[in-house]
Amino acid sequence: MALLTDRKAKSLKPTDAALPHGGIVGLALHPLKTVGHGQWKLRYISPITGKRRAIGLGSYPGISIAEVTQKGLEVRELLAQGKDPLEQAKLAARIKVQVPTFAEAARLLHAELLPGWRNKKHGFDWINSLEMYVFPIIGDVLVNDLKPSHFADVLRPIWLEKKETASRVKQRCHAVMGWTWAHDFVSGNPLDVVTKLLPTQKQAVQHHPAMPWRIAPCFWRGSLANYPRGETTRPLLGFLILTATRSGEARATTWQEIDLARKIWTIPAERMKAGVQHRVPLSAQAISILEGQVGLHDEIVFPSPTGKIPSDMILTAFLRRERAPSDAEGRPATAHGFRSSFRDWASENGYRKDLAERALAHTIANQVEAAYHRTDLLEERRSMMQAWADFLSSSTDGCE
């Protein structure tokens, strides 16, 4: 397409169609009410929302073709970096005119960081943790009014009970306040000294409460055996238990990962804790659950009612409601704890350690041992996972 010339632009009439720039994709001169005058607009698809948008780049002839060409190239460069030029313009305007609240600053930083994250789930978890634990307490506070005591109030309820979560929330709050510091909204980062206001965390490891494997069939039969089509929680938890996988791995399962014909679930490396692809042999019971999910969503196997990947809290809340028994007094079993239930069952029933460890996708710490195990033992694991499923669904051991 030929480049737009001044001769053609100066002849633009109010009734004419917009004139394409010719050198910048999406850029065109739209007519105004006066002959030879127009508005430069660049249409694009937002890399953040996927929606069609348009950004104004000034008026002709005030902004010449040469000047708008440079502006258009800058917009296209932002898009190539995964940034939305309209959001960047809003950010620049906001920085100039007012101090943001903590929630506003967090969302602006999140929008900047999101294009650089390979794992979209991490981006969701990043902002979701702040929405859950931080925004309800200090989200509306201007960042230049925040003190260490504010963040201590945020962290204190989870500091001892949910140490890993508290650590992530603290780290993300530190990043937000670091961003405000870099933009001269604050003179220091209050997260640097917040631990001085919090109790010392004990270093002892607290394991996830796990259901004793001998009573797992009772729980299966009483709480997971029957459910209406379209429910999310029970089929998801049942699938997680049958496959001995982590909550995040099961919740984010997609149909692209499932091979029903070969009865294999292939979890890509980017969704695995160890960063290595993991194949899961599917038992007949797991296949039955999957077949019941067909048609509910085009991509997500266990969609929430809103059509998104369900939150980990739906499993936690369900196990609490069911008062799922565990090996930790006064605490219900957790979804993650069923991996321990499976591991204990495998040991007690004579399955080799390497089979059970591969089923759990554990990394082999011993480098010499790892060198001799270059296969994932898929078919050997298949019979073990079917035996685990048969035990859960048909055994009556331990039931009253």
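Counting from 1, the numbers follow the sequence of the chain as shown.
- What you find for L57 and K71 is that their closest heavy atoms are O-NZ, 3.6 Å.
- Residues forming a salt bridge (charged side-chain N to carboxylate O under 4.0 Å, His left out) with D145 (at least two apart in sequence, or on another chain): none.
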ask   = Hey, mind stepping through F318 and S223 against side chain to side chain contact (heavy atoms under 4.5 Å, CB included) and telling me if it holds?
value = CA-CA 10 Å; F318 175 79; S223 300; 4.3 Å; yes
message = Between L236 and I314, is the side chain to side chain contact (heavy atoms under 4.5 Å, CB included) condition met? List the steps.
response = CA-CA 10 Å; L236 169 59; I314 69 166; 4.1 Å; yes
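- When ring centroids are compared, F342 and W213 stay outside the 6.0 Å threshold.
- Remark: the R172 side chain and the S129 side chain contain an N/O donor-acceptor pair separated by less than 3.5 Å.
- Ring geometry for F102 versus F135: interplanar angle over 60°, hence perpendicular rather than tilted (30 to 60°).
- In this structure, D259 has no side-chain hydrogen bond (donor to acceptor under 3.5 Å, both in side chains) partners at least two apart in sequence or on a different chain.
- For residues 173-198, the set of pairs meeting the salt bridge (Lys or Arg N to Asp or Glu O under 4.0 Å) definition, not counting sequence neighbours, is empty.
- Remark: the backbone N or O of F185 is not paired with any side-chain donor or acceptor of N144 at under 3.5 angstrom.
- Across all their heavy atoms, V154 and V134 have their closest contact at CG1-CG2, 3.7 Å.
- For T254 and E299, the side-chain atoms include no donor-acceptor pair closer than 3.5 Å.
- At distances below 3.5 Å, not a single donor-acceptor pair connects side-chain atoms of H208 with backbone N or O atoms of A335.
- Proximity of a side-chain donor or acceptor of H183 to a complementary backbone N or O of T180 within less than 3.5 Å is not detected.
- Between L355 and L377 there is a side-chain heavy-atom pair separated by less than 4.5 Å.
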message = Evaluate R168 against E164 for salt bridge (charged side-chain N to carboxylate O under 4.0 Å, His left out), listing each step before the verdict.
response = CA-CA 6 Å; R168 290 174 180 169; E164 185 175 349; 2.6 Å; yes
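- Side-chain N or O atoms of R279 include none that pairs as donor or acceptor with a backbone N or O of T266 at under 3.5 Å.
- The shortest side-chain heavy-atom distance between Y227 and I289 falls under the 4.5 Å cut-off.
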ask   = What's the verdict on side chain to side chain contact (heavy atoms under 4.5 Å, CB included) for K83 and V75, showing C-alpha distance, side-chain angles and the deciding distance?
value = CA-CA 9 Å; K83 298 178 181 179; V75 169; over 6 Å; no
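- A salt bridge is defined here as a Lys NZ or Arg NE, NH1 or NH2 lying under 4.0 Å from an Asp or Glu carboxylate O, and R107 with E131 meets this definition.
- Among residues two or more places apart in sequence or in another chain, the salt bridge (charged side-chain N to carboxylate O under 4.0 Å, His left out) test is passed with E74 by none.
- Taken together through direct or relayed side-chain contacts under 4.5 Å among Ile, Leu, Val, Met, Phe, Trp and Tyr, V294 and I258 form part of one hydrophobic cluster.
- Residue pairs meeting the side-chain hydrogen bond (donor to acceptor under 3.5 Å, both in side chains) criterion with at least one member in residues 29-43, sequence neighbours excluded, are Q39-S59.
- Remark: the backbone N or O of E379 is not paired with any side-chain donor or acceptor of S383 at under 3.5 angstrom.
- Taking every heavy atom of both residues into account, T245 and T243 meet most closely at OG1-OG1, 2.8 Å.
- Scanning all heavy atoms of the two residues, the minimum distance from N189 to G178 falls at ND2-N, 3.4 Å.
- Sorted by first and then second residue, the pairs that involve residues 333-344 and meet side-chain hydrogen bond (donor to acceptor under 3.5 Å, both in side chains), not counting sequence neighbours, are R339-H362, R343-S347, R343-E357.
- Hydrophobic clustering (ILVMFWY, side-chain heavy atoms < 4.5 Å, transitive): Y60 and L73 are in one cluster.
- Considering only heavy atoms from C-beta on, H174 stays 4.5 Å or farther from Q171 through its side chain.
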task = Would you please test E380 and R352 for salt bridge (charged side-chain N to carboxylate O under 4.0 Å, His left out) and show each step?
result = CA-CA 10 Å; E380 287 189 74; R352 299 199 320 265; 3.1 Å; yes
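- Scanning all heavy atoms of the two residues, the minimum distance from A389 to L242 falls at CB-CD2, 3.5 Å.
- For residues 20-30, the set of pairs meeting the salt bridge (Lys or Arg N to Asp or Glu O under 4.0 Å) definition, not counting sequence neighbours, is empty.
- At a threshold of 4.5 Å between non-hydrogen side-chain atoms, the residues K170 and W159 count as touching.
- With hydrogens and angles disregarded, a donor-acceptor distance shorter than 3.5 Å links the side chain of T232 to the backbone of P303.
- Residues that satisfy the salt bridge (charged side-chain N to carboxylate O under 4.0 Å, His left out) test with D153, not counting sequence neighbours, are R156.
- Applying the salt bridge (Lys or Arg N to Asp or Glu O under 4.0 Å) test to every pair with at least one member in residues 306-323, sequence neighbours left out, gives these pairs: R251-D312.
- Of all heavy-atom pairs between R358 and H278, the closest is O-CE1, 3.0 Å.
- Aromatic ring pairs are classed by plane angle as parallel below 30°, tilted from 30° to 60° and perpendicular above 60°; the pair W388 and F391 is parallel.
- When the side-chain hydrogen bond (donor to acceptor under 3.5 Å, both in side chains) test is applied to W265, the partners found at least two apart in sequence or on another chain are E257.
- The salt bridge (Lys or Arg N to Asp or Glu O under 4.0 Å) contacts involving residues 3-27 comprise nothing, where partners must be two or more places apart or lie in separate chains.
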request  = Could you give me the CA-CA distance, side-chain angles and deciding distance for Q386 and Q285, then say whether side-chain hydrogen bond (donor to acceptor under 3.5 Å, both in side chains) is met?
outcome  = CA-CA 8 Å; Q386 185 60 58; Q285 290 86 339; 2.9 Å; yes
message = For V301 and H297: C-alpha separation, side-chain torsions, deciding distance, then whether side chain to side chain contact (heavy atoms under 4.5 Å, CB included) applies.
response = CA-CA 7 Å; V301 175; H297 194 279; over 6 Å; no
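- For the atom pair CG (N226) and CZ (R221), the distance works out to 11.5 Å, reported to the nearest 0.5 Å.
- With sequence neighbours excluded, the residues satisfying salt bridge (charged side-chain N to carboxylate O under 4.0 Å, His left out) with D84 are R53.
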